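Here is the structure we will look at, set down as structure tokens.
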Amino acid sequence: MSSWAQTKDLVKMQSDLELVHLTKRYDVALAVDAISHRFKPGGYACLLGPSGCGKTSTLRMIAGHETVTEGAVILQGRDISLMPPARRGTAMMFQNYALFPHLNIVDNVAFSLKMRGISRTERHAKAAEILRLVDMEKYRDRFPNQLSGGQQQRVALARALITRPQVLLLDEPLSALDPFLRIRMRAEMKKLQTELGISFIHVTHSQEEALALADEIIVMNDAKIEQAGSAQEVFNAPKTEFVARFLGGHNVIEVPAGRVAIRRDAMRLVSQSDALIQAQIIAVEYQGIHVLLTAKLLGGQEVTILLSDRDFFASPSQPGEAVGLSWDQTAVHSLSA
């Protein structure tokens with residue numbers, strides 16, 4: 001049994017991370033506004049939001065690469081807010097991987113151990129173990145410019161994991177990869193996190209990426225947390241208009257009871273007499289197993305309807321056609337401001 005397998009349960013118990021009124025200001029600009037959140041130990045969490053929402057500043061404060069203006073970062077009951085990065089029990093994988101071009105792969109992975117004064121023999125043995133974990137041991141003597149983007153990402157992961165962190169922090173780690181490799185690598189990252197049992201906190205602006213990877217999604221907007229919960233909970237039951245629109249998959253419309261979110265795959269075309277609202281089709285987009293319709297309501301608002309290709313082609317609609325829309329009331333969620 002590897003040392004990773006032996007320490008998996010212990011690491012999971014020690015990865016209890018909490019943010020307490022965490023705040024970051026850059027001069028007069030407020031980047032993170034007193035957010036509080038307790039992460040699930042041993043889980044895969046995604047900080048999700050648009051550019052400038054505060055997610056990367058949050059990650060960097062957890063890592064120790066940004067100072068905390070107010071509040072605290074608590075890991076296993078310890079306030080680590082003022083500790084240097086190397087003493088926190090966290091490790092960070094940067095967006096650009098930041099591999100040293102003049103070092104071969106094994107020395108890149110072992111670099112942090114060298115800084116701690118660990119002997120060459122011991123640090124290379126530990127690096128070999130972690131390279132096996134990410135299926136890169138056979139490339140140990142190559143240099144970064146001799147590797148593909150996906151291979152460089154695995155090396156960067158190995159370098160972050162070699163210190164046996166309680167929490168691994170990932171800053172948009174898939175953004176530099178092409179779409180096909182991005183899908184493959186996110187499956188590998190989820191598998192690796194499950195095998196290791198340590199907490200991963202992953203910053204992304206991709207809704208698809210967060211839904212595919214995360215046990216827990218924390219949606220940020222304008223320096224605050226808008227909503228946090230399981231991927232299924234946040235997607236199926238958005239609490240605010242921002243979350244409903246940003247996660248996608250929902251239409252936000254006004255009904256007599258107020259503003260609501262309705263899943264676009266819960267909307268259906270019906271006869272005018274059976275309709276809850278009237279609309280006009282303005283675009284039809286074939287997506288293989290689905291067809292995406294865009295329709296304009298009487299007040300000018302646009303909504304989207306996602307139909308299976310079978311349902312659509314059984315009674316196809318064309319741009320300009322007047323239609324009736326209806327939906328299952330169980331798919332309707334009231335929204336706060």
Side-chain angles (χ1 to χ4, degrees), residues 37 44-55 183 186 202-222 224-270 274-312 317 319 321 323-337:
H37 184 74
Y44 202 125
C46 279
L47 294 174
L48 174 67
S51 296
C53 71
K55 58 188 186 297
I183 292 172
R186 72 188 186 203
H202 176 136
V203 159
T204 182
H205 62 270
S206 167
Q207 299 91 332
E208 180 185 357
E209 195 170 291
L211 290 168
L213 284 167
D215 306 315
E216 180 182 25
I217 292 178
I218 300 95
V219 183
M220 295 189 66
N221 179 43
D222 195 23
K224 293 180 178 290
I225 293 176
E226 286 266 339
Q227 186 173 349
S230 69
Q232 184 178 20
E233 175 189 348
V234 174
F235 181 81
N236 286 326
K239 293 181 178 179
T240 68
E241 180 179 352
F242 173 82
V243 174
R245 292 189 185 281
F246 189 77
L247 263 291
H250 286 81
N251 294 297
V252 178
I253 64 174
E254 291 282 352
V255 296
R259 188 174 292 275
V260 298
I262 305 170
R263 280 181 54 152
R264 61 186 185 180
D265 60 343
M267 301 189 80
R268 55 186 182 271
L269 305 184
V270 297
D274 293 331
L276 294 174
I277 53 175
Q278 307 294 324
Q280 183 182 48
I281 301 296
I282 58 175
V284 177
E285 184 178 300
Y286 178 61
Q287 297 183 340
I289 61 174
H290 295 103
V291 177
L292 184 69
L293 305 178
T294 303
K296 182 177 291 187
L297 307 184
L298 293 181
Q301 181 185 352
E302 293 185 5
V303 298
T304 55
I305 306 101
L306 191 66
L307 301 176
S308 70
D309 63 334
R310 179 178 299 177
D311 288 344
F312 175 80
S317 299
E321 182 179 339
V323 297
L325 299 179
S326 185
W327 52 82
D328 184 344
Q329 290 300 321
T330 62
V332 178
H333 299 281
S334 298
L335 301 173
S336 62

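As the structure is a computational prediction, the values presented were derived from the model and not from experiment. Residue numbers run from 1 in the order of the sequence given.
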- Message: Under the criterion side chain to side chain contact (heavy atoms under 4.5 Å, CB included), I'd like the reasoning laid out for Ile217 against Glu233: C-alpha separation, chi angles, the key distance, then a yes or no.
- Response: CA-CA 9 Å; Ile217 292 178; Glu233 175 189 348; over 6 Å; no

Distance check, rounded to the nearest 0.5 Å: [X] atom [atom1] versus [Y] atom [atom2]?
X: Leu213; Y: Glu208; atom1: CG; atom2: CD; result: 10.0 Å
X: Leu293; Y: Ser317; atom1: CG; atom2: OG; result: 6.0 Å
X: Met220; Y: Ile225; atom1: CE; atom2: CD1; result: 6.0 Å
X: Thr294; Y: Gln280; atom1: OG1; atom2: CD; result: 12.5 Å
X: Met267; Y: Ser326; atom1: CE; atom2: OG; result: 8.5 Å
X: Asp309; Y: Gln287; atom1: CG; atom2: CD; result: 11.0 Å

- Audit row: Val252, Arg259, side chain to side chain contact (heavy atoms under 4.5 Å, CB included) steps and yes/no: CA-CA 7 Å; Val252 178; Arg259 188 174 292 275; 3.5 Å; yes

- Query: How far apart are the C-alpha atoms of Ile277 and Trp327, what are their side-chain angles, what is the distance that settles it, and do they pass the side chain to side chain contact (heavy atoms under 4.5 Å, CB included) test?
  - Reply: CA-CA 10 Å; Ile277 53 175; Trp327 52 82; 3.7 Å; yes

Locate the shortest heavy-atom distance separating [X] from [Y]; write the atom from each residue and the value.
X: Val303; Y: Leu325; value: CG2-CD1, 3.9 Å
X: Ala275; Y: Gly324; value: CB-CA, 3.5 Å
X: Val234; Y: Ala228; value: CG2-C, 4.0 Å
X: His250; Y: Ala261; value: CD2-CB, 3.9 Å

Quick one: does [X]'s side chain get under 4.5 Å of [Y]'s, heavy atoms only?
X: Gln329; Y: Leu276; result: yes
X: Leu335; Y: Thr240; result: no
X: Phe312; Y: Val284; result: yes
X: Lys55; Y: Ile218; result: no

Treating [X] as the side-chain partner and [Y] as the backbone partner, does any N or O pair qualify as donor plus acceptor under 3.5 Å?
X: Gln207; Y: Phe246; result: yes
X: His202; Y: Ala210; result: no
X: Gln227; Y: Ala237; result: yes
X: Glu226; Y: Asn221; result: no

- Query: Leu211 and Leu48: side chain to side chain contact (heavy atoms under 4.5 Å, CB included), yes or no, with the steps?
  - Reply: CA-CA 10 Å; Leu211 290 168; Leu48 174 67; over 6 Å; no

- Query: Has His205 got more than 12 heavy atoms of other residues, nucleotides or ligands less than 6.0 Å from its NE2?
  - Reply: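 Count not over threshold, so no.
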
